[in-house]
Amino acid sequence: MAGPPFWIDPTSRTLSHPTKGYILTKTHCGSRCNNCSVSKYVENHALFLQHCLEGRYNIKDHNGQLTEKLGSYDKALLKRAVHLIRDP
């Protein structure tokens, strides 16, 4: 299944597949509830990992219309992680 992480435009002549290094991929890992108590959005390790490995993307259907899909990738592809934390 095609899905995240993915190239914005893999057919672009100006973008090429890297031959070394890593690709930084933005993800949000579940638990979104701004007005809830902690008990409403705390997740276990397995569910957190599942949410980190999936994401939505758009693909053109046979009529050329954009269709939103949910995709996921194998955790074996993950080699490193960067955590950005913001102080509100």
Side-chain angles (χ1 to χ4, degrees):
M1 165 188 249
F6 50 85
W7 297 106
I8 299 283
D9 186 0
T11 61
S12 172
R13 294 181 181 161
T14 59
L15 299 175
S16 61
H17 190 280
T19 58
K20 62 182 178 177
Y22 300 94
I23 299 172
L24 185 61
T25 304
K26 178 183 172 189
T27 184
H28 298 278
C29 299
S31 293
R32 287 177 199 75
C33 186
N34 294 330
N35 298 317
C36 298
S37 66
V38 173
S39 64
K40 298 290 184 189
Y41 64 85
V42 170
E43 297 179 340
N44 64 33
H45 177 77
L47 191 55
F48 179 80
L49 180 60
Q50 176 187 334
H51 287 153
C52 286
L53 297 175
E54 66 185 18
R56 297 190 181 279
Y57 63 99
N58 293 314
I59 190 167
K60 288 185 181 179
D61 64 16
H62 62 280
N63 294 322
Q65 299 294 313
L66 286 178
T67 304
E68 186 176 79
K69 299 283 186 175
L70 177 65
S72 62
Y73 58 95
D74 187 339
K75 69 179 180 179
L77 295 173
L78 182 63
K79 302 297 181 198
R80 295 182 179 182
V82 175
H83 294 271
L84 299 177
I85 301 170
R86 170 177 80 89
D87 183 356

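Given the structure is predicted, the values throughout are model-derived calculations rather than measurements.
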From T67 atom OG1 to K60 atom NZ, the distance as rounded to the nearest 0.5 Å: 11.0 Å

message: Filter on salt bridge (charged side-chain N to carboxylate O under 4.0 Å, His left out), then keep only pairs touching residues 61-74, sequence neighbours left out; what's left?
response: R56-E68

- prompt: What pair of heavy atoms forms the shortest contact from N44 to L47, and how long is it?
  reply: OD1-N, 2.8 Å

- request: Using the test side chain to side chain contact (heavy atoms under 4.5 Å, CB included), find all partners of L49 that sit at least two apart in sequence or belong to another chain.
  value: L53, K75

- request: Mind checking the CD-CD1 spacing from Q65 to I59? Nearest 0.5 Å is all I need.
  value: 13.5 Å

